[in-house]
2 protein chains.
Amino acid sequence: MIRRIPQQPRDRGIPDATVARLPLYLRALNGLAERAVATVSSEDLAVAAGVNSAKLRKDLSHLGSYGTRGVGYDVQYLIYQISRELGLTQDWAVAIVGVGNLGRALANYGGFVSRGFRVAGLLDADPEVVGDHIAGLVVEHSDELESVIAKRGVSIVVIATPATAAQAVCDRVIASGVTSILNFAPVVLTVPAGVDVRKVDLSIELQILAFHEQRKVNGGPVMGEEWAGEVS
Amino acid sequence: MIRRIPQQPRDRGIPDATVARLPLYLRALNGLAERAVATVSSEDLAVAAGVNSAKLRKDLSHLGSYGTRGVGYDVQYLIYQISRELGLTQDWAVAIVGVGNLGRALANYGGFVSRGFRVAGLLDADPEVVGDHIAGLVVEHSDELESVIAKRGVSIVVIATPATAAQAVCDRVIASGVTSILNFAPVVLTVPAGVDVRKVDLSIELQILAFHEQRKVNGGPVMGEEWAGEVS
DNA sequence: TCGACTTTGTGCATCACTTCACAAAGGCAC
DNA sequence: GTGCCTTTGTGAAGTGATGCACAAAGTCGA
Ligand SMILES: NC(=O)c1ccc[n+]([C@@H]2O[C@H](COP(=O)([O-])OP(=O)(O)OC[C@H]3O[C@@H](n4cnc5c(N)ncnc54)[C@H](O)[C@@H]3O)[C@@H](O)[C@H]2O)c1
Ligand SMILES: NC(=O)c1ccc[n+]([C@@H]2O[C@H](COP(=O)([O-])OP(=O)(O)OC[C@H]3O[C@@H](n4cnc5c(N)ncnc54)[C@H](O)[C@@H]3O)[C@@H](O)[C@H]2O)c1
């Protein structure tokens, strides 16, 4: 008989692909709740979220059996369950490092707060920027990074500095105990195991669009052009 | 003596997952090129791009056979091939609709131009905003959307309006013949077949981070009620 | 109470992507 | 040339996600 060593609390193993869609369902459900809809079928919710209904049902089945056959899902109850699963029933303190064009836009973004994310700190290296009042906060100097993270219980950090500064900021943030990072700088961050980094890269999205656009227009990459560079 | 000329990729079916990584490789290659590196092995390039080397080789093999066994890949040549495949050897006119916090940040973003994307129009519905000078452009009224798209050959549109306006803008844009849209509004856009929509949603990224963060802290959602930790 | 009807939850086949592992290709030293 | 060494390109196996199709579960009207 093989005895399995009881590891961590047995991961309920929600697939990453499912986790990535839960916020989408949540958004659709909130839309329904605003319109005072009490229950919704997987078919309708799937349409609202832009996915296949079988996929939606399988996704939800990973959380538990929260539907009623013949009826559908209770909107409020499902909102609660998904929120709980995503950890949105608690408050997350977020710090934004790099208060330039993008950092300011993020700081002013209302979609943050509405989901349990509280901007608890804005940090920048530029003395010109430090002291600015943005969205009710005062920009602090990035020298204070460690103390801001520690004092305000920051657990998620958004990096919006130039690419050149991103890895250094990342290292300091991790040294301060943060293990969740959202990176907007166009650079691959190197982090130790156990740290989650998600990246948002506008440039990559545009390039993917360009790839498909090119194929629509002329069926593929520009043909017939010879390589003009040196190949040795 | 027959000289083997690298073929044009005849396989029209480059996997989406591969396409999504090509910009990553391109960025890594540009970094190498700046440091005057002439050739690079799949192993080194994979590290720079943050992927597995076998995956990188398979990805590149979809474009053609551009490496040299025993040596690696010529950096400049590979930059050219990937650029061509992504359609970056041509110039793409981009319009940004919705010049608020985010739209301004995008308009000022240098990473646009450096990859063959030219901001050809800024549009907003707010008369207060129309006429502003941003990044060398004048904000035009969104009534001009159709004519701006037609006159300036816009083929990619970035939507940065509030969620409530996004679908309406989307519809008009598509009616004008645009088939590539990058959407920042937190809403599922409904589009006809043949139109590509990519979305960037900060809120979703944060929620995914929160999910994982929650599991690190206490092993799962708060109030772990159904603890059916069945051990076989 | 019962039967018709609706909708969930899921087994299963399939598809897409990843990773391994290695033969073949090519450079290079002599 | 010849043989050694490095690295590519790719079959094949592995892993995970997707979507179909349907039995089971539950509602609701009569
Ligand atoms: N603006 C966009 O639309 C956009 C889009 C995609 C990606 N990005 C990326 O996001 C990042 C920020 O873009 P941006 O347009 O806001 O640039 P920006 O130059 O306007 O702002 C960068 C800010 O970071 C600060 N900074 C520099 N080094 C720092 C450090 N070590 N610690 C703390 N702060 C530091 C600077 O003082 C500046 O205020 C860049 O990496 C950019 O490539 C921007
Ligand atoms: N700011 C962020 O960091 C951020 C992050 C993620 C997502 N978003 C989303 O991006 C969008 C824009 O965010 P923002 O912070 O810039 O909002 P914002 O309110 O600052 O800007 C929106 C702009 O769109 C304009 N607009 C409204 N209706 C329009 C129409 N029909 N046609 C053209 N323009 C119109 C408004 O006049 C305004 O200038 C929102 O949907 C928001 O949810 C923003």
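In what follows, every chain begins at residue 1, and chains take the letters A, B, ... in the order their sequences are listed. Since this is a predicted model, take the numbers as computed values, not measurements.
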Does [X] make a side-chain N or O approach to OP1 or OP2 of [N] shorter than 4.0 Å?
{"X": "B/Asn52", "N": "C/dC20", "result": "yes"}
{"X": "A/Arg21", "N": "D/dT18", "result": "yes"}
{"X": "A/Ser41", "N": "C/dT7", "result": "no"}
{"X": "B/Tyr73", "N": "D/dG9", "result": "yes"}
{"X": "A/Ser42", "N": "C/dT7", "result": "no"}

Both A/Asp59 and A/Thr68 contact DNA chain D. Taking the nearest nucleotide for each, which residue is further toward the 5' end?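 The residue mapped nearer the 5' terminus is A/Asp59.
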Which sits closer to the 5' end of DNA chain D, A/Pro15 or A/Arg69, going by the nucleotide each is nearest to? A/Pro15
Do B/Val187 and B/Leu189 come close enough that some side-chain heavy atom pair is under 4.5 Å?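 The answer is yes; the side chains approach within 4.5 Å.
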Determine yes or no for a side-chain-to-main-chain donor-acceptor pair under 3.5 angstrom, with A/Trp92 supplying the side chain and B/Leu206 the backbone.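 Not at all, since once roles are kept as given, no pair shorter than 3.5 Å links the two residues.
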Tell me if a side-chain donor or acceptor on A/Asn30 pairs with a main-chain N or O of A/Leu26 at a distance below 3.5 Å. yes
Using atom [atom1] of [X] as one end and atom [atom2] of [N] as the other, report the distance to the nearest whole Å.
{"X": "B/Leu60", "N": "D/dT7", "atom1": "CG", "atom2": "C1'", "answer": "13 Å"}
{"X": "A/Leu78", "N": "C/dT8", "atom1": "CG", "atom2": "P", "answer": "11 Å"}
{"X": "B/Leu56", "N": "C/dT19", "atom1": "CG", "atom2": "P", "answer": "12 Å"}
{"X": "B/His62", "N": "D/dT8", "atom1": "NE2", "atom2": "C1'", "answer": "15 Å"}
{"X": "A/Lys55", "N": "D/dA21", "atom1": "NZ", "atom2": "C1'", "answer": "17 Å"}
{"X": "B/Glu43", "N": "C/dC20", "atom1": "CD", "atom2": "P", "answer": "11 Å"}

Please state whether the base of C/dT19 and the side chain of B/Lys58 form at least one donor-acceptor pair under 3.5 Å? yes
Relative to the 5' end of DNA chain C, which residue comes earlier, A/Arg57 or A/Gly70, by the nucleotide with the nearest heavy atom? A/Gly70
With a non-hydrogen cut-off below 4.0 angstrom, is B/Ala54 in contact with a base, only sugar-phosphate, or nothing? base
Would you please indicate yes or no on a ring centroid separation below 6.0 angstrom for B/Tyr77 and B/Tyr66? yes
